[in-house]
Amino acid sequence: MARPCVLLKYGELMLKGRNRGRFEEYLRESLRHAVAGASAPVRISQRPGVVVLSGAPVDELLTCAHNVIGVSVVQPALRAGRTVDDAVNTVLQALTERFGSPDVAGPRRFAIRAHRRDKTFPMGSEQLAALVGSRVVEEWGWPVDLGNPEVEITVEVDQREVFVSLDKQRGQGGLPVGASGRALVLLSGGFDSPVAAYRAMRRGLRCDFVHFTGAPLTGPSSTYKAYALVRQLDRFQGDSRLHVIPIGTAQRALATAGAGNLQIVAQRRLMVRTADALARELGAQALVVGDSLGQVASQTLANMATVEQAAELPLLRPLVAWDKEEIISEARRIGTAEISKLPDEDCCSLLAPPRVATRTTPSQLVNVERRMDLDELVPKLLADVQVHVPGAA
């Protein structure tokens, strides 16, 4: 009797050549995190171009696998011995488990897709497909349709065993978290920044998070949202840290210093400057923000350039060319949309002027920032940081 398992296949990793081993190690680390809470010990077995998960119930393995960035295909399968008879019997077992019997299932067009990863197997891929297909026709009476089958049966042979699958599910794709370095995400409570964080993770960045709250001028609602958002995103990487920095007093000081219609841009520059200092303390190599070009007044090209110059580290904008509908759709897919909808007191709208300047330059903010004495202010803000570990809750 063949045993259940889940096959994981990756796309971009196959193109990494000599560096692939390093990327695969990051993938294994992500897998170990993903299966840590399974009801039974999970075995992770590396094969050429594929990872095999087994040990826990298949439904649990599938749930875990779908959270792993770097996996392009998630494939529930049956595994058996490495003989032609094993391949045939496992296909018939898979069909029986899925459809019951030919009488119950009725006629269905099918195709066999055979792939021989181990070339020492005594039968070629086309020969194996033809043989297995003939037995399905004989036992089930189904017609063969290689062009548009209703049921596609995959038979894969590697050095140790045969895998049979009737399903291929889409994985998260991308590069394994950590393979591209480390970044600090400026996380608000809206739709954009959580999606930007996910897209950064999907390009291989391990992300820490910083949330600026309007305290003491606002309540804790935005912090609760940020905590919930990081907890949701944590399933893609594990061990996430949320740094919360109260900035309300500094925002009021900006307004008192005469920021006027530059208030929003001045606030964003202060946040970026503070996040940049925190990122360097954490060993991060870049900042990530949820900016989308032209979406709001503070995200015009001029304002984005003005804000960016407040950072020493690269400022990454994964959503710069996305529109709001695309961002919300992605937020729904990754599970952050319902959290982002919750009401909160957004520090960015605190003390906002009636009209926001849209064509700013750094020189326009020189006098305001000089009055703030940023060299002293940023360390004071960092001294008040609170660190949370949402994934551990």
Side-chain angles (χ1 to χ4, degrees), residues 1-11 13-14 24 31 42-59 61-62 65-66 68 71-171 173:
M1 179 71 70
R3 297 160 294 154
C5 65
V6 172
L7 305 181
L8 308 181
K9 300 175 181 178
Y10 32 77
L13 292 194
M14 297 300 292
E24 287 176 334
L31 285 170
V42 176
R43 182 181 178 188
I44 303 171
S45 178
Q46 182 80 50
R47 309 292 174 82
V50 65
V51 177
V52 184
L53 300 184
S54 59
V58 169
D59 287 348
L61 295 177
L62 289 172
H66 278 295
V68 178
V71 173
S72 294
V73 176
V74 178
Q75 200 170 320
L78 293 174
R79 61 197 302 185
R82 188 178 166 277
T83 69
V84 173
D85 286 343
D86 287 326
V88 171
N89 292 334
T90 304
V91 167
L92 296 178
Q93 178 185 332
L95 291 175
T96 300
E97 290 180 1
R98 170 65 63 84
F99 299 104
S101 69
D103 294 336
V104 173
R108 295 173 186 257
R109 303 185 312 277
F110 81 99
I112 302 290
R113 313 295 189 196
H115 178 52
R116 187 181 59 154
R117 283 194 290 272
D118 177 17
K119 303 307 180 185
T120 66
F121 190 73
M123 185 174 288
S125 298
E126 292 185 3
Q127 292 174 303
L128 180 61
L131 176 63
V132 174
S134 67
R135 287 295 306 276
V136 173
V137 171
E138 179 183 336
E139 298 285 338
W140 285 72
W142 287 1
V144 175
D145 185 346
L146 300 180
N148 187 31
E150 295 175 82
V151 179
E152 188 167 273
I153 305 166
T154 303
V155 180
E156 303 177 34
V157 182
D158 74 2
Q159 290 83 354
R160 306 179 194 177
E161 54 204 329
V162 169
F163 299 99
V164 170
S165 177
L166 304 184
D167 292 307
K168 287 185 179 180
Q169 303 171 12
R170 182 180 176 184

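Residue indices begin at 1 and follow the sequence shown.
Counting heavy atoms from C-beta outward, Leu166 and Ile153 have side chains that approach closer than 4.5 Å. In this structure the side chain of Arg109 reaches within 4.5 angstrom of the side chain of Pro143, judged on heavy atoms. Contact check for Val52 versus Leu7: side-chain heavy atoms found under the 4.5 Å cut-off.
One distance of note links CG of Asp118 with CZ of Arg160; it measures 11.5 Å at 0.5 Å rounding. The distance from the CG atom of Leu31 to the CD atom of Gln46 is 8.5 Å, given to the nearest 0.5 Å. Note: Phe110 CZ to Leu95 CG = 8.5 Å, rounded to the nearest 0.5 Å. If you take NE2 on His66 and CZ on Arg170, they are separated by 11.5 Å, rounding to the nearest 0.5 Å. Atom NZ of residue Lys168 and atom OG1 of residue Thr154 lie 4.5 Å apart, to the nearest 0.5 angstrom. Taking CG of Asp167 as the start and CD of Glu152 as the end, the distance is 10.5 Å to the nearest 0.5 Å.
Other residues, nucleotides and ligands contribute at most 12 non-hydrogen atoms within 6.0 Å of the CD atom of Glu126.
Minimum interatomic distance between Leu53 and Ala65 (heavy atoms only, all atoms of both residues): CD1-CB, 4.4 Å. Of all heavy-atom pairs spanning Asn148 and Asp145, the tightest one is N-OD1, 3.0 Å. A pairwise comparison of heavy atoms in Val42 and Ala56 identifies CG2-CB, 3.8 Å as the closest pair. The minimum heavy-atom distance between Leu61 and Ser54, with the atom names listed, is CD1-CA, 3.9 Å. Residues Gly147 and Pro149 share a closest heavy-atom pair of C-CD, 3.6 Å. Contact between Pro107 and Glu150 at its shortest, heavy atoms only, is O-OE2, 4.4 Å.
Side-chain atoms of Arg108 never come within 3.5 Å of backbone atoms of Val151 as a donor-acceptor pair (strictly under, hydrogens ignored). Proximity of a side-chain donor or acceptor of Trp140 to a complementary backbone N or O of Ser101 within less than 3.5 Å is not detected. Here the side chain of Gln75 pairs no donor or acceptor atom with the backbone of Ser165 at under 3.5 angstrom.
Between Glu156 and Arg47 there is no salt bridge, since none of the side-chain N atoms of the basic residue sits less than 4.0 Å from a carboxylate O of the acidic one.
Under the salt bridge (charged side-chain N to carboxylate O under 4.0 Å, His left out) rule, Glu161 has a single partner from Arg117, Arg79, Arg82, which is Arg79.
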Verify side-chain contact (heavy atoms from CB on, under 4.5 Å) between Val162 and Thr90, making sure each step is shown before the conclusion.
CA-CA 9 Å; Val162 169; Thr90 304; 5.5 Å; no
Chi angles and distances behind the side-chain contact (heavy atoms from CB on, under 4.5 Å) call for Leu131, Val84:
CA-CA 9 Å; Leu131 176 63; Val84 173; 3.1 Å; yes
